[in-house]
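Here the structure comes first, spelled out in structure tokens, and everything after it is commentary.
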Amino acid sequence: MPLWNAIYLWARRVKQDSVMLWFASRHPQTPWLAKAIAAVAVAYALSPIDLIPDFIPVLGYLDDALLLPAMVWLAVKCLPEAVKDECQRQAQAWLETHDAKPVNAWGIVWVVFMWGIFCWLLWRWLS
């Protein structure tokens, strides 16, 4: 049971950090590099669709288990401590007052764009 508890706490932390990055990407004291990394991580984390759909065996869950946490970790590491603390408080307040995480429409655009590039490259390779 301790393994399941650790996985649950880790997944919950990624969710809270995703919402924290949503606030950090809009914070005026966030450096531009951290803001860019946070924007990409938030766009993917809060997107209602996945880059790799979950019905694809193994790969479908691999992006949720590795890609998303890696992007969130990198974005959090780039944030200044003062911004991180303030945005964590905002994220905690958001999660306590709202039932669901915020939805980011740019995430949909990003995922569709990435699939478009993939399809174009595949078409170029096959023709």
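Because only heavy atoms are used, hydrogens play no part in the values below, and waters and symmetry mates are left out as well, while side chains stay in.
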If hydrophobic clusters are built by linking Ile, Leu, Val, Met, Phe, Trp and Tyr wherever their side-chain heavy atoms come under 4.5 Å apart, do [X] and [Y] end up in the same one?
| X | Y | answer |
| --- | --- | --- |
| Met114 | Val40 | yes |
| Ile37 | Leu21 | no |
| Val83 | Trp32 | no |

Considering all heavy atoms, the nearest [X]-[Y] contact:
| X | Y | value |
| --- | --- | --- |
| Phe23 | Cys87 | C-SG, 3.8 Å |
| Ala24 | Thr30 | O-OG1, 2.7 Å |
| Val19 | Trp94 | CG1-CD1, 3.9 Å |
| Val42 | Ser18 | CG2-O, 3.7 Å |

### Task
May I ask you to decide if His27's main-chain N or O and Lys35's side chain share a donor-acceptor pair within less than 3.5 Å?
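Side chain of Lys35 to backbone of His27: a pair is present.
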### Query
So do Met20 and Gln90 actually touch side chain to side chain, heavy atoms under 4.5 Å?
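Not touching, per the 4.5 Å side-chain cut-off.
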#### Entry: Heavy-atom check, side chain of Pro31 versus side chain of Cys78, under 4.5 Å
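No, side chains not in contact.
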### Task
Give, for atom CD1 of Ile117 and atom CH2 of Trp120, the distance between the pair rounded to the nearest 0.5 Å.
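Interatomic distance, Ile117 CD1 to Trp120 CH2, rounded to 0.5 Å: 9.0 Å.
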### Task
Answer yes when Glu86 and Arg89 have at least one side-chain N-carboxylate O distance shorter than 4.0 Å, and no when they do not.
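Salt bridge: no.
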### Task
Using ring pair (Phe, Tyr, Trp, His ring centres under 6.0 Å) as the criterion, list what pairs up with Phe118, not counting sequence neighbours.
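Only Trp115 meet the ring pair (Phe, Tyr, Trp, His ring centres under 6.0 Å) criterion with Phe118.
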